[in-house]
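Each remark here refers to the structure printed beneath this line.
Just so it is clear, the structure is predicted and the values come from calculations on it, not from any experiment. To find a chain, count down the sequence lines: A is the first, B the second, and so on, and within it residues start at 1.
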Amino acid sequence: MSTLPVRVRFAPSPTGYLHVGGARTALFNWLYARNRGGKFILRIEDTDEARNTPEAMAAIFDGLRWLGLDWDEGPEIGGERGPYFQSQRKSIYDDYLARLTAAGRTYEDGGAVRFKFSRQPINVPDLVCGDVQFAATEEPDMTVRRPDGSYIFHFCNVVDDIEMGITHVIRGEDHLSNTWKHTDLFHAFGKHPPRYAHIPLILNPSGSKMSKRDEGAAVSSYIQDGYLPDAVFNYLCLLGWTPRAEKEKLDRAALITLFEVSDVHSANARFDMEKLKWFNAQYLREMSPDELLAAATPFLKTAGISTDASFAAAALQSVKEKVSLLTEFPGWVHFFFREDFPFEADAVTKLKSKPENKVLLEAAAAHFSTFADWSEHGIHKAIEEVAALQSVKPGVLMPLLRFALSGQTRGPGVTTIANLAGK
RNA sequence: GACCCCUUCGUCUAGCGGUUAGGACACGUCCCUUUCACGGAUGCGACAGGAGUUCGAUUCUCCUAGGGGUCGCCA
């Protein structure tokens, strides 16, 4: 048994946005490397100059970093086997092409260079799909270099995997049908192909491939929509893989320990935003007040709410089990931070229709103004006293007070609101 | 069209010849409760179809159907 140190790579092309499927591929590669004590390499496949954009490049880096997928070799990090941009590796490709030509495996065709397939049956052993047999091909020989001297994906991909010492290729199943071509190339170079693991695709809720128009296709959308990286990380793991554990909510350390690439399924999985939201809510709830304040502040700021107030962290805590996304916080806590908060129109009409409500509120206000013990306990006691004086149950007073204090019919406990808002 | 992968509740899945087919999300009901939630309990709900192998198929084989993917001088 070979015990080569594991070297895996994520090789995106900077031509659009970071696709959630790509992120999941990166995630599985990362998990595998971390589980095996190997290296996770980031390689940018930017051979198609016309389609590359700086924005797409930034989206890849930002998305991976947001998810906590740090790379051991690659852009901005460096490494022994660089450069890690294919656009900077032309001389290496030239060299490999020369070898192929010396072996009599290429020919020119209209200025382009084609690779002569072996036209033998090819077996692709796959850690996920098992042995996949491909009959001798009848496809036309594959172009590896364009007339302008630039190289084609399949060629660069194989050359780089050889040069970078990649031991395991974990990638989307959409590449499975082309893998025999890569195997043929490896053989032509006199190399053994790496171990392959083709992971299932992520489908949209209607069962077709996720595309830019589908909700949640871009990793950036999760950042914007108020998801937590740990929640997305956890959920993505569960799409195509079931950790051998009693529960589904698992932290990174546990996921690394449990990860086993041969446990990955071979069937495609549909994306379920509701379940992701559930995970997000779970992770939100276990955040400390400081962590939550830090995470939610940008979203509150966007809504025009400053979190400088000393009670900001406590205000967020008071509603954290009511929300699933960071973007929902402003709608739940805005009244803590401003004097002119809006009142729900329907509720205003409904409450005003009962004249006794006015009497009750005025009585409460009068009583509160004389009350000294402004703690949750003290406030609760005061409310009970007012209720007793007015001969109603405290439960009648609570909704009125909540509405007067917050303008809403939902929210934290009345005593909590009153206490945080201050006398 | 050819080739490749896949097929268990609505969704993600457990299962690796004998199970009352289990769990999670969602949904229904009940409890808790000053609202909204959380939480707890409970319910609804699946082996695509057909042959074969076997004492016995969700599980193994084949066929059909369906879904997805690949067949570029895109990656």
Side-chain angles (χ1 to χ4, degrees), chain A residues 11-16 22 44-48 50-52 86 109-114 124 126 128-130 132-135 137-140 142-157 171-181 198-203 205-209 235 237-249 265-279 281-282 285 318-324 332 347 380 383-384 387 393-403 406 408-417:
Chain A
S13 172
T15 55
I44 304 299
E45 307 219 332
D46 55 349
T47 55
D48 187 2
R51 296 173 61 202
N52 298 331
Q86 289 188 332
D109 176 17
V113 177
R114 287 182 181 270
V124 174
D126 191 281
V128 171
C129 302
V132 183
Q133 314 276 355
F134 294 90
T137 188
E138 290 177 21
E139 284 184 27
M142 156 171 82
T143 301
V144 292
R145 197 184 71 171
R146 303 183 186 91
D148 68 0
S150 63
Y151 290 87
I152 298 297
F153 161 74
H154 302 290
F155 182 83
C156 300
N157 200 263
R171 57 171 31 160
E173 199 198 88
D174 48 342
H175 289 291
L176 182 58
S177 297
N178 281 325
T179 302
W180 65 269
K181 297 176 184 173
H198 286 92
I199 65 178
L201 268 21
I202 296 179
L203 274 23
S206 44
S208 48
K209 198 175 179 180
Y235 176 69
C237 283
L238 268 27
L239 244 28
W241 173 51
T242 305
R244 299 192 185 197
E246 294 302 310
K247 53 181 183 173
E248 293 188 329
K249 182 169 173 295
H265 314 155
S266 45
N268 294 165
R270 297 184 195 205
F271 197 91
D272 184 356
M273 197 65 78
E274 289 306 312
K275 188 155 184 177
L276 205 211
K277 270 187 195 168
W278 178 81
F279 269 106
Q282 299 299 312
R285 269 173 225 140
S318 75
V319 299
K320 77 170 178 179
E321 76 280 2
K322 303 174 193 304
V323 307
S324 298
W332 285 88
H380 198 267
I383 292 172
E384 284 177 338
K393 291 178 180 174
V396 175
L397 225 40
M398 294 294 186
L400 290 175
L401 290 169
R402 165 175 297 99
F403 196 70
S406 72
Q408 302 189 339
T409 54
R410 58 170 201 187
V414 171
T415 54
T416 304
I417 297 176

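Rounded to whole Å, the distance from CZ on R244(A) to P on rC16(B) is 11 Å. Going from atom CD1 of I202(A) over to atom P of rU13(B) covers 10 Å, rounded to whole Å. L176(A) places its CG atom 6 Å from the C1' atom of rC4(B), with the value rounded to the nearest Å. Spacing between atom CH2 of W180(A) and atom P of rC5(B) amounts to 15 Å, rounded to whole angstrom units.
Across all strands shown, rU54(B) remains unpaired; no Watson-Crick or G-U wobble contact has both distances below 3.5 Å. Across the strands present, rU35(B) finds no partner; the criterion is a Watson-Crick or G-U wobble pair with both atom distances under 3.5 angstrom. Under the Watson-Crick and G-U wobble criteria, each requiring two contacts below 3.5 Å, nucleotide rA2(B) is paired to rU70(B). The partner of rU42(B), taking Watson-Crick or G-U wobble pairs whose two distances both stay under 3.5 Å, is rG28(B). Nucleotide rA65(B) has rU7(B) as its partner under the Watson-Crick or G-U criteria, with both atom distances under 3.5 Å.
Using a 4.5 Å heavy-atom threshold, the side chains of F271(A) and L239(A) count as touching. Contact of the E248(A) side chain with the L238(A) side chain is registered, since non-hydrogen atoms from C-beta on lie closer than 4.5 Å.
Going from the C1' atom of rU59(B) to that of rA14(B) covers 13 Å, rounded to whole Å. Between rA46(B) and rC25(B), the two C1' atoms lie 16 Å apart (nearest whole Å). Distance noted for atom C1' between rC16(B) and rA21(B): 14 Å (whole Å). Rounded to whole Å, the C1' atom of rC4(B) lies 48 Å from the corresponding atom of rG40(B). Rounded to whole Å, the separation between the P atoms of rG69(B) and rA26(B) comes to 29 Å. When the P atom is used for both rC9(B) and rG50(B), the distance is 16 Å, rounded to whole Å. One C1' atom belongs to rC36(B), the other to rC44(B), and the distance between them is 26 Å to the nearest Å. One C1' atom belongs to rG67(B), the other to rC60(B), and the distance between them is 23 Å to the nearest Å.
Distance alone, capped at 3.5 Å, places no donor-acceptor pair between the D109(A) side chain and the R114(A) backbone. Using a distance-only test at 3.5 Å, with no hydrogens or angles considered, a donor-acceptor pair links the side chain of Y235(A) to the main chain of D272(A). Side chain of R270(A) to backbone of P205(A): a donor-acceptor contact under 3.5 angstrom is found. Looking at R146(A), its side chain does come within 3.5 Å of a backbone N or O of Y151(A) through a donor-acceptor pair.
Nearer the 5' end of RNA chain B, as judged by each residue's closest nucleotide, is the contact made by P205(A), out of K322(A) and P205(A). Map W332(A) and S177(A) each onto its nearest nucleotide of RNA chain B; the residue landing nearer the 5' end is W332(A).
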Can you check nucleotides 71-75 of chain B for protein contacts, nitrogen or oxygen pairs under 3.5 Å, and list what you find?
unit_1	atom_1	unit_2	atom_2	d
rC71(B)	O2'	E139(A)	OE1	3.3
rC71(B)	O2'	E139(A)	OE2	3.0
rC73(B)	OP2	T143(A)	OG1	3.1
rC74(B)	OP2	R146(A)	NE	2.2
rC74(B)	OP2	R146(A)	NH2	2.8
rC74(B)	O3'	R146(A)	NH2	3.3
rC74(B)	O2'	D48(A)	OD2	3.1
rC74(B)	O2'	R51(A)	NH1	2.2
rA75(B)	OP1	T47(A)	OG1	2.8
rA75(B)	OP1	R146(A)	NH2	2.7
rA75(B)	OP2	R146(A)	NH2	3.3
rA75(B)	OP2	F153(A)	N	3.2
rA75(B)	O3'	E45(A)	O	3.2
rA75(B)	N6	H154(A)	NE2	3.4

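When all heavy atoms of S324(A) and K277(A) are compared, the closest pair comes out as CB-O, 4.0 Å.
As judged by a 4.0 angstrom heavy-atom cut-off over every strand, P200(A) is placed among residues making no nucleic acid contact. Within the 4.0 angstrom heavy-atom criterion, only backbone atoms of the sugar-phosphate kind lie near T242(A); the bases stay farther away. If you check every strand for non-hydrogen atoms under 4.0 Å, G413(A) touches a base. Contacts of G172(A) with the nucleic acid, taken as non-hydrogen atoms under 4.0 Å apart, are absent. Using a 4.0 Å heavy-atom cutoff across all strands shown, K277(A) reaches no nucleic acid atom at all. Note on R270(A): only backbone sugar-phosphate atoms sit closer than 4.0 angstrom, heavy atoms only; bases stay farther off. Looking at heavy-atom distances under 4.0 Å, Q408(A) makes no contact with the nucleic acid at all.
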Checklist entry - Which parts of nucleotides 20-25 of chain B does protein reach within less than 4.0 Å, heavy atoms only, written one letter per nucleotide 5' to 3' as B for base, S for sugar-phosphate only and - for none? => result ---BBB
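Atom OG in S150(A) sits 11.5 Å away from atom CD in Q86(A) (nearest 0.5 Å).
Considering only side-chain N and O atoms, S266(A) lies under 4.0 angstrom from the phosphate OP1 or OP2 of rC6(B). An OP1 or OP2 oxygen of rU13(B) is reached within less than 4.0 angstrom by no side-chain nitrogen or oxygen of K247(A).
Taking 90° from 0 as the syn/anti boundary, the base of rC38(B) is oriented syn.
With sequence neighbours excluded, the residues that form a side-chain contact (heavy atoms from CB on, under 4.5 Å) with F134(A) are V124(A), V132(A), W180(A). With sequence neighbours left out, the salt bridge (charged side-chain N to carboxylate O under 4.0 Å, His left out) criterion links D48(A) to R51(A). E321(A) pairs by the salt bridge (charged side-chain N to carboxylate O under 4.0 Å, His left out) definition with nothing, not counting sequence neighbours. With sequence neighbours excluded, the residues satisfying side-chain contact (heavy atoms from CB on, under 4.5 Å) with Q133(A) are N123(A), D131(A).
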